[in-house]
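What you see is a predicted model, and the numbers here were worked out from it, not measured in a lab. Numbering of residues begins at 1 and proceeds along the displayed sequence.
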Amino acid sequence: TAPGPVRNPKWSPDGTRIMMSMGNPTTDPPHSSLYMYTVSTGVFEDVVPAPGLDENPSWSPVKINGSYLVAFDSTRWDIFQYSHHIFILNPDTMTIVGEIDAGDGKSLHHPTWSSDGRYLIFDMYDGEDQELYLYKFETGDITQVTDNDIYDGCASWCWHW
C-alpha cells in the first residue's frame, strides 16, 4: 500500500524494485516525487525529494557503470512554469548523475531507454508543437526524429529485433 497517489509505476529490469511518481496534491502548485518500492522489504523511499513534478520514470534495460539507472522528467528548476528537464538517477546511491536540458521554453517528457542503454527517446514541447527527439549519451547530441503538425509523444523502443 503506497502512502499516496501513484502514477507511472515501472519495474526494475531485475524485478527487485518499482519506481513510481507519487503525487502530493496539497501543495501549491501541486507536485510529485519519485518513490522507489523495494519488493523484498516492502519499503517506499522518496528518492529525489524536491518541489515540482517528478514524472515518467524509465529504467535502463542494462547496467550502466554497475547500476540500472532511471531517467525521469521533472520541473524541479522551474516549478511555476512547468518546463521539464530530463534527469538521470542512480537509485543505488540516490544521486542525480545527469541532466538533459534543451534550453529555455523547451519542455522534455517521457524518456525511454534504448535496449542497449546508449540512447533516450523523448518528446519535447517548444510552446507550439510536440515532437520526438533522440539523445545520444556518447556525444550528448539531441536529434529531432519527427517533424509534423500533430502530437508526437510517449515513444517506446521495439527491443530485440
Side-chain angles (χ1 to χ4, degrees), residues 1-79 82-102 107-125 130 132-138 142 145 151-161:
T1 302
V6 171
R7 291 189 300 276
N8 304 308
K10 301 289 179 6
W11 281 97
S12 63
D14 61 6
T16 62
R17 301 172 283 185
I18 303 171
M19 191 70 68
M20 67 200 73
S21 300
M22 196 171 308
N24 185 348
T26 62
T27 59
D28 187 20
H31 73 267
S32 60
S33 292
L34 281 191
Y35 277 75
M36 184 169 61
Y37 176 75
T38 303
V39 176
S40 63
T41 63
V43 172
F44 284 90
E45 296 176 79
D46 188 354
V47 295
V48 285
L53 295 170
D54 295 332
E55 297 286 334
N56 305 303
S58 176
W59 288 90
S60 62
V62 296
K63 288 187 175 183
I64 299 169
N65 298 324
S67 297
Y68 293 108
L69 302 181
V70 175
F72 65 100
D73 59 71
S74 177
T75 63
R76 62 186 47 238
W77 306 136
D78 193 11
I79 63 173
Y82 298 102
S83 179
H84 291 239
H85 296 195
I86 292 174
F87 292 88
I88 310 298
L89 167 75
N90 182 333
D92 296 333
T93 60
M94 302 296 194
T95 56
I96 301 293
V97 296
E99 179 181 358
I100 303 170
D101 175 15
S107 193
L108 289 57
H109 299 268
H110 308 107
T112 303
W113 294 89
S114 64
S115 62
D116 59 7
R118 296 176 53 212
Y119 301 90
L120 280 174
I121 193 162
F122 59 91
D123 46 275
M124 181 171 22
Y125 180 69
Q130 192 142 346
L132 295 178
Y133 289 80
L134 190 66
Y135 178 82
K136 185 175 184 176
F137 282 98
E138 292 169 359
I142 296 175
V145 177
Y151 170 80
D152 294 313
C154 302
S156 65
W157 293 88
C158 184
W159 294 6
H160 308 295
W161 270 33

Trainee: Would you check if W59 and D14 make a side-chain contact, meaning some heavy-atom pair closer than 4.5 Å?
Mentor: no

Trainee: I'd like to check F72 versus N56 (side-chain heavy atoms, cut-off strictly below 4.5 Å). Are they in contact?
Mentor: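 Contact flag for F72/N56 side chains = no.
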
Trainee: Can you tell me how far the CE atom of M22 sits from the OH atom of Y37, to the nearest 0.5 Å?
Mentor: 11.0 Å

Trainee: Find the distance between CE (M20) and CG (L34) and round it off to the nearest 0.5 Å.
Mentor: 9.5 Å

Trainee: Please assess H109 against E55 for the test side chain to side chain contact (heavy atoms under 4.5 Å, CB included), listing each intermediate value before the final yes or no.
Mentor: CA-CA 8 Å; H109 299 268; E55 297 286 334; over 6 Å; no

Trainee: Using modelled atom types only, decide if a donor and an acceptor are shared between the side chain of N90 and the backbone of T95 within a distance under 3.5 Å.
Mentor: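 Checked: no pair found.
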
Trainee: Answer yes or no: is there a side-chain heavy-atom contact under 4.5 Å between M19 and V47?
Mentor: yes

Trainee: In Å and rounded to the nearest 0.5 Å, what is the SG to CD1 distance from C154 to I121?
Mentor: 11.0 Å

Trainee: Does the side chain of D54 pick up a donor-acceptor pair with the side chain of S74 at under 3.5 Å?
Mentor: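 Yes, a side-chain donor-acceptor pair sits under 3.5 Å.
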
Trainee: Could you tell me whether the side chain of P111 reaches within less than 4.5 Å of the side chain of D73, counting heavy atoms only?
Mentor: yes

Trainee: Distance check, rounded to the nearest 0.5 Å: Y133 atom OH versus I142 atom CD1?
Mentor: 9.0 Å

Trainee: So do V97 and I64 actually touch side chain to side chain, heavy atoms under 4.5 Å?
Mentor: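 No - every pair of side-chain heavy atoms lies 4.5 Å or more apart.
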
Trainee: Any side-chain heavy atom of D152 within less than 4.5 Å of one from Q130?
Mentor: no

Trainee: Working to the nearest 0.5 angstrom, can you tell me the gap between F44 CZ and T38 OG1?
Mentor: 9.5 Å

Trainee: As a quick check of understanding, evaluate side chain to side chain contact (heavy atoms under 4.5 Å, CB included) for F122 and H110, giving each step before the final call.
Mentor: CA-CA 5 Å; F122 59 91; H110 308 107; 5.8 Å; no

Trainee: Does V62 offer a backbone N or O that forms a donor-acceptor pair with the side chain of S60 under 3.5 Å?
Mentor: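 A pair under 3.5 Å: yes.
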
Trainee: Please test H84 against S107 for side chain to side chain contact (heavy atoms under 4.5 Å, CB included), starting from the C-alpha separation and ending with a verdict.
Mentor: CA-CA 5 Å; H84 291 239; S107 193; 3.4 Å; yes

Trainee: Please determine if R17 and D92 form a salt bridge, counting it only when a charged side-chain N lies under 4.0 Å from a carboxylate O.
Mentor: yes

Trainee: For the residue pair K10 and P57, what are the closest heavy atoms and their distance?
Mentor: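 Looking at all heavy atoms of both residues, the shortest contact is CG-O, 3.2 Å.
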
Trainee: Are any of the side-chain heavy atoms of Y68 and S12 separated by less than 4.5 Å?
Mentor: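 Y68 does not reach S12 side chain to side chain.
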
Trainee: Starting at CD1 of I100, measure out to CG of L120 and round the result to the nearest 0.5 Å.
Mentor: 5.0 Å

Trainee: For W113 together with F137, are the ring centres under 6.0 Å from each other?
Mentor: yes

Trainee: Is the backbone of T112 close enough, under 3.5 Å, to the side chain of W157 for a donor and an acceptor to pair up by distance?
Mentor: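 At least one qualifying donor-acceptor pair exists.
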
Trainee: Could you report the tightest heavy-atom contact between M94 and L89, atom names first, then the distance?
Mentor: C-CD1, 4.0 Å

Trainee: Is it the case that the side chain of T75 and the backbone of L53 share a donor-acceptor pair, with hydrogens and angles ignored and the cut-off at 3.5 Å?
Mentor: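 Present.
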
Trainee: Which atom names give the shortest non-hydrogen contact between P9 and I18, and what distance separates them?
Mentor: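 Minimum heavy-atom contact is CB-CG2, 3.9 Å.
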
Trainee: Would you confirm whether S21, through its side chain, and N8, through its main-chain N or O, come within 3.5 Å as a donor-acceptor pair?
Mentor: no

